[in-house]
Amino acid sequence: MDILVGLQWGDEGKGKFIDRICPNYQIVARYNGGANAGHTIFWNGYKITLKLLPSGIFYSHITNVIGSGVVINPIQLNQEIAQLVEISSELNIQQRLLISQKAHLVLPTDQYSDIYMEGSDLFRTIGTTKNGIGNAYANKMLRQGFRVGDIFASDFASNVEQVMRRDYQYLTRLGQTLPDFKETLCIFLANIENLKELTITDTETFINKALKEGKPVLAEGAQATMLDIDHGTYPYVTSSNTVASAACVGLGVSPRQVGEIFGVLKAYNTRVGEGPFPSEIIDKLGDELRIKGNEFGSNTKRPRRIGWLDLPALQYAIMLNGITQLIITKSDVLNGMDIVNICTHYELDGKLEYNFPTAGDISHLTPHWKAFSGWNADFSKIKSAQELPYELIQYLRYLEAELETPITHLSIGPERDAIINLK
């Protein structure tokens, strides 16, 4: 089983590279997160954002799996499926999608609680997507959640109604404005009926059997390393483990089965929401790169914060994941710049720091830069690594040496085929 992860704060372009390598796999399995993440893929002239469906859904030979580590909003999943069916009925999604019976459900009241917490002075605001993902994971850990397999129980509807009514009463007392309870419950349960029409099964047995038979499997991660609940810039992180080892837990696969571990990063840095961002560009240049790179959330459309590459953060992410191959995206966005910077280390309280601080207050880190000559080329005409501009090659060679990991692919444009093999 190969694994693909993001190495920064998300939005690295993981979906595009997965789409590129999908022909090599028979199974693509999502192992973490919920509909708070979006992988954008260009397919048959359409720009499509996948929030819950694995990125192998566009390939007829691939079985797509949503693993037990994912939290599923049935309303959003059904909407996503309906969107793709409208585009093409030939995708046969229902025949090629397996859902873990152990995956947890996101209730409407999880979303309403998320909205309340993000807007209340009583709670820490971190800039969530307000999709209820954190609340669903919290209920999972509290052993108060509902799993997908529970939907077939005769008392499921009454149990959900009881929990949602309790949540409504609690949020109403706090002053939260809520939609009509009966209508909300009816919509949710109607989507549960649609969910029952999909294949819900013991996905870990399916994947392990496939691996035993020699079938290639790709584990697809959502969000990125620096948003990991344990190893990211806590508390400004997501609600699940995002590092490569989480694929084994979220899919029920032994670490002995892991092969390649792909790490995707941008040629610069972005971050959505609150939290420390040492290499952030806070002047006009950041605004220009945001527009040029179309750096707005695929789900929320929120503007992403922009920064230069952060070498200590990347070294940290590569160490955590055990990356075997690096994929760099959006090198074309930096095209035409005079200078391209990389943060090589920091200064904190008068001391130089070469490692990424993993805990404590890191908001006062002062980055130290290494400047590179920018590149200027017509990327639409580049078809091979030999045609890349000299300055970009120097930039890549420096990164490869410092990160001690081979860079095997470089994305040079938003188009589906705008990826250069470097090895």
Side-chain angles (χ1 to χ4, degrees), residues 4 6-20 33 35-51 53 55 58 80 83-84 87 127-131 220-224 226-227 238 263-275 277 279-310 327-341 374-382 388-389 392 395 409-420:
L4 185 138
L7 294 179
Q8 297 160 309
W9 280 272
D11 310 306
E12 296 94 348
K14 298 182 289 295
K16 177 180 177 179
F17 182 69
I18 293 172
D19 184 53
R20 167 80 171 216
N36 55 339
H39 287 176
T40 300
I41 293 174
F42 289 86
W43 180 78
N44 283 4
Y46 293 94
K47 180 181 179 181
I48 301 169
T49 299
L50 299 177
K51 301 176 184 180
L53 292 174
S55 298
F58 300 107
E80 193 170 334
Q83 174 195 12
L84 295 188
I87 293 173
T128 75
T129 56
K130 301 178 183 179
N131 275 295
E220 173 183 12
Q223 290 94 31
M226 303 307 291
L227 296 175
T238 192
V264 184
L265 65 140
K266 285 178 182 172
Y268 52 96
N269 247 330
T270 62
R271 172 162 204 168
V272 175
E274 304 296 327
F277 192 19
S279 66
E280 186 169 12
I281 303 171
I282 55 176
D283 56 19
K284 181 181 177 182
L285 177 60
D287 296 330
E288 293 174 355
L289 288 176
R290 181 180 301 109
I291 294 172
K292 187 176 180 182
N294 191 28
E295 296 294 355
F296 299 89
S298 55
N299 286 348
T300 64
K301 307 306 178 185
R302 289 185 297 177
R304 296 169 184 152
R305 297 157 66 188
I306 309 295
W308 296 113
L309 267 193
D310 187 322
I327 297 89
I328 297 183
T329 64
K330 292 202 168 184
S331 60
D332 55 302
V333 175
L334 299 182
N335 192 42
M337 300 189 66
D338 294 329
I339 297 293
V340 174
N341 287 320
W375 48 89
N376 197 344
D378 185 351
F379 276 58
S380 65
K381 296 181 179 179
I382 295 176
L388 293 171
L392 176 54
Y395 179 82
H409 295 80
L410 180 73
S411 174
I412 58 172
E415 297 80 13
R416 191 179 185 185
D417 61 347
I419 297 181
I420 299 294

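The minimum heavy-atom distance linking L334 with K292 is given by the pair C-NZ, 4.4 Å. When all heavy atoms are compared, the tightest approach of I281 to G286 is CG2-N, 3.5 Å. Closest non-hydrogen pair, P303 versus R290, comes out as CB-CD, 3.7 Å. Of all heavy-atom pairs spanning I412 and S331, the tightest one is CG2-OG, 3.7 Å.
Heavy atoms from other residues, nucleotides or ligands lying under 6.0 Å from CD1 of I282 number 12 at most. Residue D338 qualifies as open at atom CG: its count of foreign heavy atoms under 6.0 Å is 12 or below.
A donor-acceptor distance shorter than 3.5 angstrom exists from the side chain of N335 to the backbone of A377, with no hydrogens or angles considered. Of the possible polar contacts, one joining the R304 side chain to the F296 backbone as a donor-acceptor pair under 3.5 Å is found. Without hydrogens or angle criteria, S279 side chain to W308 main chain gives a donor-acceptor distance under 3.5 Å. Checking side-chain atoms of E12 against main-chain N and O of G10 turns up a donor-acceptor pair under 3.5 Å. Here the side chain of S411 pairs no donor or acceptor atom with the backbone of I419 at under 3.5 angstrom.
Here CG of L227 is found 8.5 Å from CH2 of W9. Values are rounded to the nearest 0.5 Å. Rounding to the nearest 0.5 Å places OG of S55 at 9.0 Å from CG of L4. Atom CG of residue N269 and atom CD1 of residue I306 lie 9.0 Å apart, to the nearest 0.5 angstrom. Taken from CZ in R271 to CD in Q8, the straight-line distance is 12.0 Å, to the nearest 0.5 Å. The distance from atom CG of D310 to atom CG of L265, rounded to the nearest 0.5 Å, is 11.5 Å. L7 CG to I327 CD1: the interatomic distance, rounded to the nearest 0.5 Å, is 8.5 Å.
In this structure, K51 does not pair ionically with E80, as no charged nitrogen and carboxylate oxygen lie closer than 4.0 Å. Ion pairing of D19 with K16 is absent here, as no side-chain N (NZ or NE/NH1/NH2) approaches a carboxylate O to less than 4.0 Å.
Here the side chains of L289 and V333 are in contact, with some heavy-atom distance below 4.5 Å. Contact check for L309 versus Y268: no side-chain heavy atoms found under the 4.5 Å cut-off. Side chains of L392 and L410 form a contact here, defined as non-hydrogen atoms less than 4.5 Å apart.
The ring pair (Phe, Tyr, Trp, His ring centres under 6.0 Å) search around Y395 returns F372, W375, not counting sequence neighbours. In this structure, the salt bridge (Lys or Arg N to Asp or Glu O under 4.0 Å) partners of D378, at least two apart in sequence or on a different chain, are K381. E274 is linked by a salt bridge (Lys or Arg N to Asp or Glu O under 4.0 Å) to nothing, counting only residues two or more places apart in sequence or in another chain.
Checked against E295 for a side chain to side chain donor-acceptor pair (under 3.5 Å), the options R302, R305, K266 give a single hit: K266.
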side-chain contact (heavy atoms from CB on, under 4.5 Å) between T329 and F17, worked out: CA-CA 9 Å; T329 64; F17 182 69; 5.9 Å; no
